[in-house]
Amino acid sequence: MFGFGTTNSLTMDKPHPESLLDSAVQGSIGRPFDRIDGPSKVSGTATYAAEYPVDNLAYGFLVGARIGAGTLISIDADAVRSMPGVIDVVTDLDRFIRVAGQGGETQPPTQGVRDIAFMGEIVAIVVAESYEAARDAALRLPVTYEAGEGAYAFAAARAKSYVPPDGVTPAHFNQGDVDAAMAEAPVTIDATYVTPSQNSAAMEPHASIAVWEDDGSLTLYGAYQMPSTDASQLAKCLGLSAKKVRIVSRYIGGGFGSKLGIAPESVAAAIAAKQIGRPVKAVMARQQVFEATVRRSNTEQRVRLAATRDGKLTAIGQESLVSNQPGEDFFEPVGIGTHMIYSGENRLITHDQVPLNLVLSGSMRAPGEAVGMIGLECAMDELAERLGMDPIVLRKTNDASVDPEKGVPFSSRSLSRALDEGARRFGWARRAGPGEARDGEWLIGMGVASAVRGNMLMESSAKVELRPDGTATISSSMTDIGTGSYTILAQIASEILGLPVDRITVALGDTNDPPAAGSGGSWGAGSAGSAVYLACEMLRGKLAKAMRVEDSALTLKDGMAIGNNRSSPIGEIVGDGLEAIGHIKPGKQEKATTQASFGAHFAEVGVNRVTGEVRVRRMLGVFAAGRVLNAKTARSQCLGGMTFGIGAALTEELLHDPRNGKLVNRDLAEYHVPVNADVPQLEVHFLSERDVHANPIHAKGIGELGISGAAAAIANAIYNACKVRVRSFPVTLDKLLPGLPDL
Amino acid sequence: MHFTINGRGFDADVDIRTSILDLCREHLGLTGAKKGCDHGQCGACTMLINGRRVNSCLTLAVMHQDDEIVTIEGLGQVDDLHPLQQAFVRHDGYQCGYCTPGQICSAAGMLDEITRGWPSHVSDDLAKPSLDDDEIAERMSGNLCRCAAYPNIVDAIREVGSAAPAGRTADAKDAAMAEEIVA
Ligand code: FES
Ligand code: FES
């Protein structure tokens with residue numbers, strides 16, 4: 001597809017200081033436009049995976065293993081086949097996937113369900129004429145197992161930890177000598193922080209409708225963040241060539257990492273549909289989403305900090321234990337942000353994996369930073385207190401001017417600015433000493449934490465078509481999982497092509513369109529946005545030619561092309577229509593600079609002296625992530641991240657039965673995500689920034705920055721309120737009560 | 001059986017196990033109401049039944065012969081949005097949009113409860129609850145939003161309930177955001 005005359009391709013080998021988004025005059029970019037897909041969402045007409053009308057549809061209900069580890073012996077399909085409405089019981093012990101796919105993988109996840117590796121592993125699908133019939137039969141399906149040995153308890157299995165293969169961050173990294181620096185330093189911290197397993201809990205459960213076409217190809221309507229690589233995962237699972245699988249994910253009801261790779265319902269639906277010769281819809285029950293998709297791993301982090309008396313860090317250690325299923329390579333990259341946030345020459349950042357027979361661990365919003373910044377930023381708070389230093393001053397003292405490990409410059413970095421701006425806006429100067437501020441029976445405290453999230457550019461493409469009626473269409477397999485992709489892509493095209501946003505249609509989430517990396521790792525806007533930019537740049541060149549002016553002498557605004565002392569409606573100079581494909585690829589800039597977005601969180605909490613209950617009273621996030629493409633959707637992304645931080649700090653924790661790995665709180669009543677009453681009016685402020693090393697639109701990821709450090713700011717505020725330091729998350733009232741001051 | 005949904009009559013032969021939610025989504029082509037949990041834990045399926053908000057996953061269709069059911073499709077359409085739907089768009093009271101139909105139906109029912117003077121756990125005046133942030137947050141906490149549009153949802157509801165504080169109307173927020181981007 002690439003390399004033809006209609007493709008404008010760019011590899012980010014060099015900085016890209018000039019951006020058409022700065023020179024164009026339409027005035028769309030950055031503005032807080034309402035979402036273009038808003039009316040369809042609020043009216044209930046946006047189509048999510050389970051909602052495509054398909055003829056002759058059969059309903060599938062998945063069956064999960066009810067033992068923690070062992071072997072599947074038999075499935076007694078005959079016992080339920082005669083139930084009213086039941087069509088068939090389908091399984092494929094070799095091809096069903098045992099676990100969900102990891103994000104961006106083109107290889108299939110572990111297949112084969114003869115071996116049971118965790119409770120909830122999907123072993124069969126019951127297909128029926130109705131949802132009710134399928135569910136009923138699935139719940140009654142007799143399955144027998146031979147129980148095997150499993151490891152379910154982290155504490156007991158930790159001795160079996162091993163060094164996993166490197167992932168997005170090295171498993172083990174060592175620079176200098178942390179032990180020696182700790183021994184020499186006048187002030188040190190050596191503390192262990194524990195975070196529990198968590199679930200993304202996107203409101204839309206994983207769902208697939210599998211339709212086999214007459215030519216032997218498969219169309220899967222799915223809830224997937226990365227349709228292009230997911231199609232490749234699915235094709236390989238089914239033994240098909242990638243071209244034979246089309247995934248359609250127009251609207252996705254939240255992902256947060258849990259829908260990066262294919263989940264078991266997709267393969268089960270596809271195999272069942274083939275077997276019964278009818279389309280099959282398989283929607284996971286909420287309990288199955290918890291049990292059989294992905295979790296964020298629990299972590300145990302030993303954090304060591306060594307500092308001079310004036311607060312200069314001489315050593316940073318973050319040694320983490322995380323967990324995953326035996327044989328799975330992914331590890332929670334706890335220390336990924338620690339590599340770049342502070343200076344200090346001796347550094348030890350390690351990850352060891354504890355094999356556990358629990359649901360797969362994989363990506364959840366800001367894998368790494370979301371939990372790693374809890375340990376690090378709480379430890380920084382402890383260090384500040386030990387030094388008798390303001391925690392903001394301590395952080396600024398150690399703000400790194402170049403990457404402290406690679407020695408290369410940062411592409412842009414506004415950490416100190418974010419801390420200062422936040423302190424001013426939040427009224428940090430009013431912060432009292434630990435345990436000193438009260439409001440009736442509430443103890444009041446303020447806390448701060450830094451935020452960092454690595455920036456990624458992923459190969460992506462998009463097509464833009466200009467029509468004689470003066471409208472344009474963007475198409476790409478990019479997705480919008482709630483991030484605002486539909487709207488920001490329209491704004492980018494609007495700005496460059498000089499067309500009002502309402503003349504631009506955006507079609508996303510279909511692998512028949514030019515491939516893009518989809519949504520994950522906060523790379524979506526920068527990657528797909530750059531692809532749209534490049535397509536529009538090429539179209540702009542064609543319009544200049546049509547106007548017979550140099551590119552630089554062309555102005556496009558409000559549907560008019562202006563140059564050479566004349567103006568023309570854009571639709572009238574496109575002939576039968578023009579199209580171009582934009583294609584972006586990461587290049588040398590990735591290594592020449594360290595790219596990340598930065599920010600600072602400020603929280604004010606009340607801790608009830610009587611009950612130990614914690615309420616977040618105020619929260620402010622100040623963020624710098626390059627160009628803001630839409631101030632409204634960007635703010636919403638940050639609200640979402642900060643709220644995930646509230647959940648991580650106070651309520652979210654997956655609990656597994658140590659005897660069999662059974663997930664005890666596998667629903668939304670027992671796994672506590674923040675509700676409306678838990679979240680005050682959060683404040684978000686963006687610092688103006690451009691990143692010319694990141695991509696031609698100068699924007700960096702924002703979807704995950706808001707969670708990085710958020711929970712730490714809350715925990716630090718709790719300490720400031722009541723002088724109780726809880727290092728095991730979430731900070732629930734039972735952990736605070738024993739330390740609260742006497743009434 | 002006969003159902004009245006969004007003012008239209010429907011006749012359906014329903015399985016006794018079918019919830020109102022599944023009746024709408026799987027049998028009548030009304031997929032606006034969402035299923036997030038099927039257990040009354042998330043509110044994504046909220047509809048108005050005889051004017052009151054109900055988790056439609058928790059109530060069986062066979063119990064609702066002749067009841068007046070309103071789903072999100074009945075509140076407003078793409079080109080003719082209900083004021084709450086408009087306010088959710090203006091305030092970005094959503095992200096992925098999956099909880100949104102439930103939030104909006106719930107908000108409609110909730111505003112009616114306030115008008116009727118029904119108090120809640122956080123009402124200062126039990127005889128006359130007011131439409132402030134705490135009251136809205138309390139009453140909307142049965143509708144989970146994992147994208148966490150909560151602050152914007154509260155603002156959207158306040159604006160429709162005509163009690164938006166200065167600086168928190170959609171126009172005022174837009175102006176402040178636009179200014180920040182230019183600065
Ligand atoms: S689907 Fe009804 S409350 Fe969740
Ligand atoms: S908008 Fe995504 S869950 Fe509320």
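Proteins get letters first, then strands, A, B, ... in listed order; numbering begins at 1 in each. Every value quoted in this text rests on a predicted model; they were computed, and no experiment measured them.
- At a 4.5 Å heavy-atom cutoff, the contact between Ala46(A) and chain B is made by backbone atoms alone.
- Among the candidates Lys34(B), His27(B), His82(B), the residue making the largest number of heavy-atom pairs closer than 4.5 Å to chain A is Lys34(B).
- If you measure heavy-atom distances from Asp174(B) to chain A, the contacts under 4.5 Å come from both the backbone and the side chain.
- Of the two parts of Ala202(A), only the backbone, made up of N, CA, C and O, holds a non-hydrogen atom closer than 4.5 Å to a non-hydrogen atom of chain B.
- With contacts defined as side-chain heavy-atom distances shorter than 4.5 Å, the pair Gln287(A)/His39(B) qualifies.
- The structure places CD of Glu26(B) at 7.5 Å from CG of Leu57(A), a figure rounded to the nearest 0.5 Å.
- Heavy-atom distances place both the backbone and the side chain of Gln85(B) under 4.5 Å from chain A.
- Note on Ser200(A), Ser40(A), Ala50(A), Pro53(A): by heavy-atom pairs under 4.5 Å with chain B, the leading option is Ser200(A).
- The candidate from Gly484(A), Gly255(A), Gly44(A) with the greatest count of non-hydrogen atom pairs under 4.5 Å with chain B is Gly44(A).
- Within the 4.5 angstrom heavy-atom criterion, no atom of Thr483(A) approaches chain B.
- There is no contact between Phe33(A) and chain B, counting heavy-atom distances below 4.5 Å.
- Looking at Phe290(A), there are no atoms closer than 4.5 Å to chain B (heavy atoms on both sides), in backbone or side chain.
- Under a 4.0 Å N-O distance rule, the pair Asp92(B)/Arg35(A) qualifies as a salt bridge.
- Ranked by heavy-atom pairs shorter than 4.5 Å toward chain B, the options Ile481(A), Val679(A), Asp667(A), Val628(A) are led by Asp667(A).
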For side-chain contact (heavy atoms from CB on, under 4.5 Å), just list the numbers for Arg31(A) and Ile181(B), CA-CA rounded to whole Å, side-chain angles, deciding distance to a tenth of an Å, and then say yes or no. CA-CA 7 Å; Arg31(A) 275 188 38 203; Ile181(B) 294 310; over 6 Å; no
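- Using modelled atom types and a 3.5 Å distance limit, the side chains of Asn152(B) and Arg635(A) yield a donor-acceptor pair.
- Heavy atoms closer than 4.5 Å to chain B are found in both the backbone and the side chain of Leu639(A).
- Heavy atoms from other residues, nucleotides or ligands lying under 6.0 Å from CZ of Arg8(B) number 12 at most.
- For a residue to count as touching a neighbouring chain, one of its non-hydrogen atoms must lie under 4.5 Å from one of that chain's; by this rule Ala133(A) touches chain B with backbone and side chain alike.
- The 12-atom threshold is exceeded at CG of Asp66(B), counting heavy atoms of other residues, nucleotides or ligands nearer than 6.0 Å.
- When atom types are taken as modelled, the side chain of Tyr150(B) and the backbone of Pro674(A) share a donor-acceptor pair closer than 3.5 angstrom.
- With a 4.5 angstrom heavy-atom cutoff, Leu668(A) touches chain B via backbone and side-chain atoms both.
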Does Arg17(B) form a salt bridge (Lys or Arg N to Asp or Glu O under 4.0 Å) with Asp136(A)? I'd like the steps, not just the answer. CA-CA 10 Å; Arg17(B) 299 167 294 187; Asp136(A) 207 354; 2.7 Å; yes
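- Between Pro151(B) and Pro680(A), the closest heavy-atom pair is CG-O, 3.7 Å.
- Proximity of a side-chain donor or acceptor of Glu204(A) to a complementary backbone N or O of Tyr98(B) within less than 3.5 Å is not detected.
- Taking the ring axis of Phe644(A) as reference, the NZ or CZ atom of Arg146(B) stays within 45° of it and closer than 6.0 Å to the ring centre.
- With Glu180(B) contributing its side chain and Phe686(A) its backbone, the two residues share a donor-acceptor pair below 3.5 Å.
- Ionic pairing of Glu51(A) and Arg25(B) is present here: one or more N-O contacts between side-chain nitrogen and carboxylate oxygen are shorter than 4.0 angstrom.
- With a threshold of 4.5 angstrom between heavy atoms, Ser141(B) approaches chain A through its backbone and through its side chain.
- The shortest heavy-atom contact between Val89(B) and Pro39(A) is CG2-N, 4.1 Å.
- Only the side chain of Arg168(B) comes within less than 4.5 Å of a heavy atom of chain A; its backbone N, CA, C and O stay farther away.
- With a threshold of 4.5 angstrom between heavy atoms, Gln637(A) approaches chain B through its backbone and through its side chain.
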After noting the C-alpha distance and the side-chain angles of Met203(A) and Cys145(B), does the key distance pass the side-chain contact (heavy atoms from CB on, under 4.5 Å) rule? CA-CA 7 Å; Met203(A) 291 310 301; Cys145(B) 177; 5.8 Å; no
Full working for side-chain contact (heavy atoms from CB on, under 4.5 Å) between Arg135(A) and Asp38(B)
CA-CA 12 Å; Arg135(A) 179 182 57 191; Asp38(B) 218 9; 3.8 Å; yes
Full working for side-chain contact (heavy atoms from CB on, under 4.5 Å) between Asn676(A) and Asn143(B): CA-CA 8 Å; Asn676(A) 200 319; Asn143(B) 290 85; over 6 Å; no
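- Remark: the Asp15(B) side chain and the Tyr131(A) side chain contain no N/O donor-acceptor pair separated by less than 3.5 Å.
- In this structure, Cys96(B) and Tyr48(A) approach most closely via the heavy-atom pair O-OH, 2.6 Å.
- Gln95(B) and Ser636(A) are not linked by any side-chain donor-acceptor pair at a separation below 3.5 angstrom, with hydrogens and angles left out of the test.
- Without hydrogens or angle criteria, Arg90(B) side chain to Asp34(A) main chain gives no donor-acceptor distance under 3.5 Å.
- Geometrically, Lys41(A) does not engage Phe88(B) in a cation-pi contact, judged by NZ or CZ lying under 6.0 Å from the ring centre and within 45° of the ring axis.
- Neither the backbone nor the side chain of Leu75(B) comes within contact range of chain A; no heavy atoms are under 4.5 Å apart.
- Summarising the geometry of Gly76(B) relative to Ser43(A), their closest heavy-atom pair is O-CB, 4.1 Å, with the distance given to 0.1 Å.
- Using a 4.5 Å cut-off between heavy atoms, Leu81(B) touches chain A through its side chain atoms alone.
- Annotation: side chain of Val283(A) is not in contact with side chain of Lys35(B) (no heavy-atom distance under 4.5 Å).
- When all heavy atoms of Gly640(A) and Ala148(B) are compared, the closest pair comes out as CA-CB, 3.8 Å.
- Counting heavy-atom pairs closer than 4.5 Å to chain B, the top-ranked of the candidates Asp678(A), Val289(A), Val675(A), Thr633(A) is Val675(A).
- Remark: side-chain polar atoms of Lys173(B) are not paired, donor with acceptor, to backbone N or O of Lys632(A) under 3.5 angstrom.
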